[in-house]
Amino acid sequence: MWNAENLGAPLARDPIFVYNDWSAYDELSDNIPLTEQLAMKELDEILRLRRFGVRVDYYMMDAFWFSPDGGYRAWRKPNWPNGPDAWIEKCRNNRILPGLWFGTNELVKINPIPEWQNSLTANKGEMSFFEGGFLANFMDTMQYWYDHGIRMFKFDFVDFRAATPETEKTKTPEEIWSRNVDAFRQALQKFRQRNPDVVLVAFNGFGGDVESTAGPFPFHSPVDLRWLEVFDSLYSGDPRPSDVPEMNFWRSMDIYSDHMVRRYEQSFLPLERIDSTGFMLGNTGTIYYRRNHAWKGALILMMARGGWVNTVHGNLEFLSDDDALWFAKVQSVYLRLQSMGRTKTFGGIPGEVQPYGFGSLDAEGEVYAVVNPAQSIEEIQMPRLSQEQKEMKDGRVIFRDAGFLPVLGGNKIKLGPGQMAVVGYGKYARPEYDLGIQEDVVIPRSIAPVEAVFSPHGKNAVEATVAVPQQGSLRIIIRQRSTKDGNITRSWKGGPPSGTNMGKVFVLSASQDGKPLPVEINYDKIIWSGLSWAVGEIPHGALSPGLTVTIECSSAEEGPVQLEGHVYEVDY
């Protein structure tokens, strides 16, 4: 029975650190396969990072390790000719607990085995949890892998609308949903009781709307808080650009994960139970070929959000030995703060372009991670996190993006446009806690709006003429909106290898006296999750004084859209 007193209490005893190999490979928005060679290579990388002090507790084998016809009992033969035993043994010999991904009740690259047939929906794409033999067989499979050493289970692609054709005729959609939820939750409760050291994590389908940061709130798909009885964490969306335009593409992705954590928190999930899934390295389509760009800020924010399941995805070989030392230093700060369970959010809502942050404290000091998503220099106040907290003075900026130098005074900090910083108080203001500067995110030292009136210029295109600034570059920002209701609208043009580069979807061009000007952009990527904006800059050195600049912006959307344009003078 649902016990309200248990909701929010972490099932795990302490924060954990998980390595997940997704984004080192990608078989959904790319064509890089999962193989034993790749998985073992990343395990060796874990062991290398560990020598420099990086903590990894679990290794999650993500999607598509399984044979299509094996009912999640057999591994894919061509890629795992000898099965998983060597991987499981090497993990456990090195004090790393292995985990496995499961597609739950949706058939994603797997075929229904005989035991699942009488649970199938009419379209043969899902299985009902409360009818036929699927659920009993599925839970037996979970126990089979637990008995083989697996200690973490990831549940993805779940559909609680699933019912057999006969049941669809006699029960309402609400009854079907309720019976599916109850059946699966009760099965997981029994599994946890039998295996109390297991870690269970929930991904797609367990509630929350994760497609964009511009959608309405509360969620159309609410989170059923009873899942907190059985799952250690619920994820809040795969990394993707937010609907907040930023010159640095990766900062817009930080804002997406920050925003989703705030929205899940507003849905009454404790921060400890939210896995932001916000840190991925990789050279695959799922992570937009990020490699390790702007990874330091992403790691700090992932930990600053307060979740107890800290997940690192992808190609660990992109981290050098020196990177590993820095990584371990961040862990040493934040894992202790996380374990105190005293992380608080503050400021505005990230997707609403308001400065915000995450603050954590222990008995000896406080650490605040702050972000300014706006196209202006903004000041934000860092609140006291507890009644016992001393007066906030003698703080110190211990991490920041390059460029704009944050101005810290007492409990207030002034940040440049799109900037992130970390502030330490108490012992965390000491020099030994300094985390340096993120050199590959450069923030303008000044920004000012430039008068620009954008007028229609053909289908889904606008044009404006502006004056040349005296000393700065010109930053151009376009946001795409619906012509029906004015809401932010994403363009979805597919993932690799056949998707369209967003630099061809949103085109920014400029000219002076009929001659083209260079426009530097950072969003020219194949983005499986869609994009609603474009940002570009014309370097000051390319501009001729005394001549106006003509700016043209267009969208390749087939239907009519509204393009909202802004221009700023930025000086680095």
* To do: Measure the NZ-CG distance between K414 and L405 for me, rounded to the nearest 0.5 Å.
  =>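 Reported to 0.5 Å precision, the distance equals 12.0 Å.
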* Asked: How far does OG of S332 sit from CZ of R55, to the nearest 0.5 angstrom?
  ->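 It comes to 11.5 Å.
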* Does the distance from a Lys or Arg side-chain N to an Asp or Glu carboxylate O, for E229 and R226, drop under 4.0 Å? ->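 No.
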* To do: Would you mind checking if R51 and D321 are paired as a salt bridge, meaning a charged N to carboxylate O distance below 4.0 Å?
  => no
Is the distance between the ring centroids of [X] and [Y] under 6.0 Å?
X: W87; Y: Y59; result: yes
X: F206; Y: F160; result: yes
X: F52; Y: F327; result: no
X: Y368; Y: F358; result: no
X: F318; Y: W295; result: no
X: F102; Y: W65; result: yes

Is there a donor-acceptor contact under 3.5 Å linking the side chains of [X] and [Y]?
X: N20; Y: T311; result: no
X: S252; Y: S242; result: yes
X: D401; Y: Q438; result: yes

* Structure fact -> When L319, L49, L325, L47 are each screened for side-chain contact (heavy atoms from CB on, under 4.5 Å) with V54, the one that passes is L49
* For a side-chain contact (heavy atoms from CB on, under 4.5 Å) with F64, tell me which candidate from L28, N79, I110 qualifies. =>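 Of the listed options, the one satisfying the test is L28.
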* Asked: Aromatic rings F155 and F153: how do their planes relate, parallel, tilted or perpendicular, breaks at 30° and 60°?
  ->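 It falls in the parallel class, under 30°.
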* Hey, does the Lys NZ or Arg CZ of K154 hover above the aromatic six-ring of F203, less than 6.0 Å from the centre and inside 45° of the axis? -> yes
